Amino acid sequence: MLYADTVRNRSLSEQPVLIAIIFAVSCVVFALVGLHHTLLALPFLPQPEEHGLVTQGIATLVVAGLFTLNILLISRLRLRLQIFVVWAELFMCFLIFFFAFDLNFPFILTKLPFLLTQGVFTTLYVSAISITIATVLAIFGAIAKLSSNGFAFAIASFYTSMFRGLPLLVQIYLIYLGLPQLGIFVDAVPAGVIALSLCYGAYMTEIFRAGIMSIDKGQWEAARSIGFKFGLTMRRVILPQAVPIIVPPLGNQFIAMLKDSSLVSVLGVWELMYLARTLGQREFRHLEMLLTVAIIYWVMTIVFEIVQGRIESYFQKHHRR
Amino acid sequence: MTHEDTNAVGSEIIAIRDMHKWYGNFHALKDINLTVHLGEKIVVCGPSGSGKSTMIRCINRLEGHQKGTIHVDGIELHEDMRNIDIVRQEVGMVFQHFNLFPHMTVLENLTAGPMWVKKLPRAEAEDTARRYLERVKISEQAEKYPSQLSGGQQQRVAIARSLCMEPKVLLFDEPTSALDPEMVSEVLETMEDLAGTGVTMVCVTHEMGFAKAVADRVVFMDEGRIIESGEPVEFFKNPESERTKKFLDQILS
């Protein structure tokens, strides 16, 4: 939560000018979008193709009015209910978008089990291995970037600069196609894991560095004056305090990694994205498969978000500052 | 104390000779000479910015010096030393801002050093910890986290944490300066108790009552120099230098 002021903000229903503005803006937006083509206007305009400007105008006004009324009603709900209703409505919009495509649902249903087993499993295990390696790389990278050792700093800063500087897709190709030139042959899965780990290790290096730097110098001094060596101080004092701070950005990276693992589909790894493309291609049903994996990815990230929330509240309870 | 037989009371434990320290161009410590014998209680005082904290931070090399020598228990402190951690185990430090480990309980704070540095078994470390918690009179708080304690309690835990390493010397860096006024006395009482046990103490503080009560010697610093040092009775009654007089007038009035 942001800082919660003790003075109540005026609610929407007390601000007629704001309501008018919302109504006016939504009129303009809906008029520009041209509602007569969309599902939203269909109930009011039975024959979308045969109406003049007047009917269009009426439709726009009606929909904008309903939209404003909807906002007004939601603004009067309790916080929790408000959040739920807004979520539900946005999700409805997504579903309308989804159903607007004239999808072949039996096709989706026949492919779904394979996507959920083979696809989700491969995506998850590639991501899990990569994020683990990336975390280890990041810890060492962060320490190296903070160290006064020239070699360590140079290697670490070169590493982060390069792997943050190249597009992940390029890295994946370079590793898969480039390593064999050196006589090192790697399969698609290891190549993908290497690319993902190196790339995310570079990003996470910066996160860990920031986390380590955020710990008060007094903690170092206290640990060192008890006789802790560097490694022990890091492991027992600094990192345990830094990790709770960096959980939100780390969660971000985990989620981004989960989705960027779709890039290894270019190597022919049988993860979600690859399966979606190949299964869709075979029967010219691209959108069905793309939308299906879109939802699968989304559901997986929602699970990650929940886990992240749990971890955050765990640290809030157990690691007081 | 663990090594009393090898270090008889009265032998030199800290020896600072002609020591200088610079921060860049700023000459922070000038020609410091100070000898501390085992069992002695030294109080270092002086106006803020006089270098007293810097000086005691040099004794366990949280700060490095550039000229002169510092010996702690016979070991010289310098840039290239490999055994600084051994010296630091012998020299406990209590900080102005306590610097307890916030993610550990009080008991864990106390056992951290003995278990991970001295490699004592947990049971033994916890026994020691509880003994020292009792000495600083907060044994009932062992399972709490530092943030659940008052400032005075936190500082007493910090003192106990240093004691758990059974150091030969305890350094106090303005231990009561960050405390609310009503908590100062509980920390000072703890320190006075401690002084009675024969431990060697070097204490930077403005608490002149404490100095009068326990110090064997009071050292007055100003502008990076030791201006004078002497037994507390003499020091407070007949300070040699004008600067000391002025300082004492300000602080005691």
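Residue numbers start from 1 in every chain, and the chains themselves are labelled A, B, ... in the order their sequence lines are given, proteins ahead of strands. Here the structure is a predicted model, which is why all the values come from computation and not from measurement.
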**OP:** Measure the spacing between CD of A:Q241 and CZ of B:F101 and express it to the nearest 0.5 Å.
**Re:** 8.0 Å
**OP:** For atom CZ of A:F158, decide whether the heavy atoms of other residues, nucleotides or ligands shown that lie under 6.0 angstrom number more than 12.
**Re:** no
Original post:
How would you list, in number order, the residues of residues 218-229 of chain A that have a heavy atom less than 4.5 Å from chain B?
Top reply: A:G218, A:Q219, A:E221, A:A222, A:A223, A:R224, A:S225, A:I226, A:G227, A:F228, A:K229
Original post:
With only heavy atoms counted, which part of B:L171 is less than 4.5 Å from chain A, the side chain, the backbone, both or neither?
Top reply: neither
Original post:
Just wondering, more than 12 heavy atoms not from A:R76 lying within 6.0 Å of its CZ?
Top reply: no
**OP:** Would you mind checking which part of B:A158 comes under 4.5 Å of any heavy atom in chain A, side chain (CB onward), backbone (N, CA, C, O), both or neither?
**Re:** neither
**OP:** Please state whether the side chain, the backbone, both or neither of B:R161 comes within less than 4.5 Å of a heavy atom of chain A.
**Re:** side chain
Subject >> B:E140 atom CD: more than 12 heavy-atom contacts under 6.0 Å >> reply: yes
Subject >> For A:V237 against B:H103, the heavy-atom pair lying closest together >> reply: O-CE1, 3.6 Å
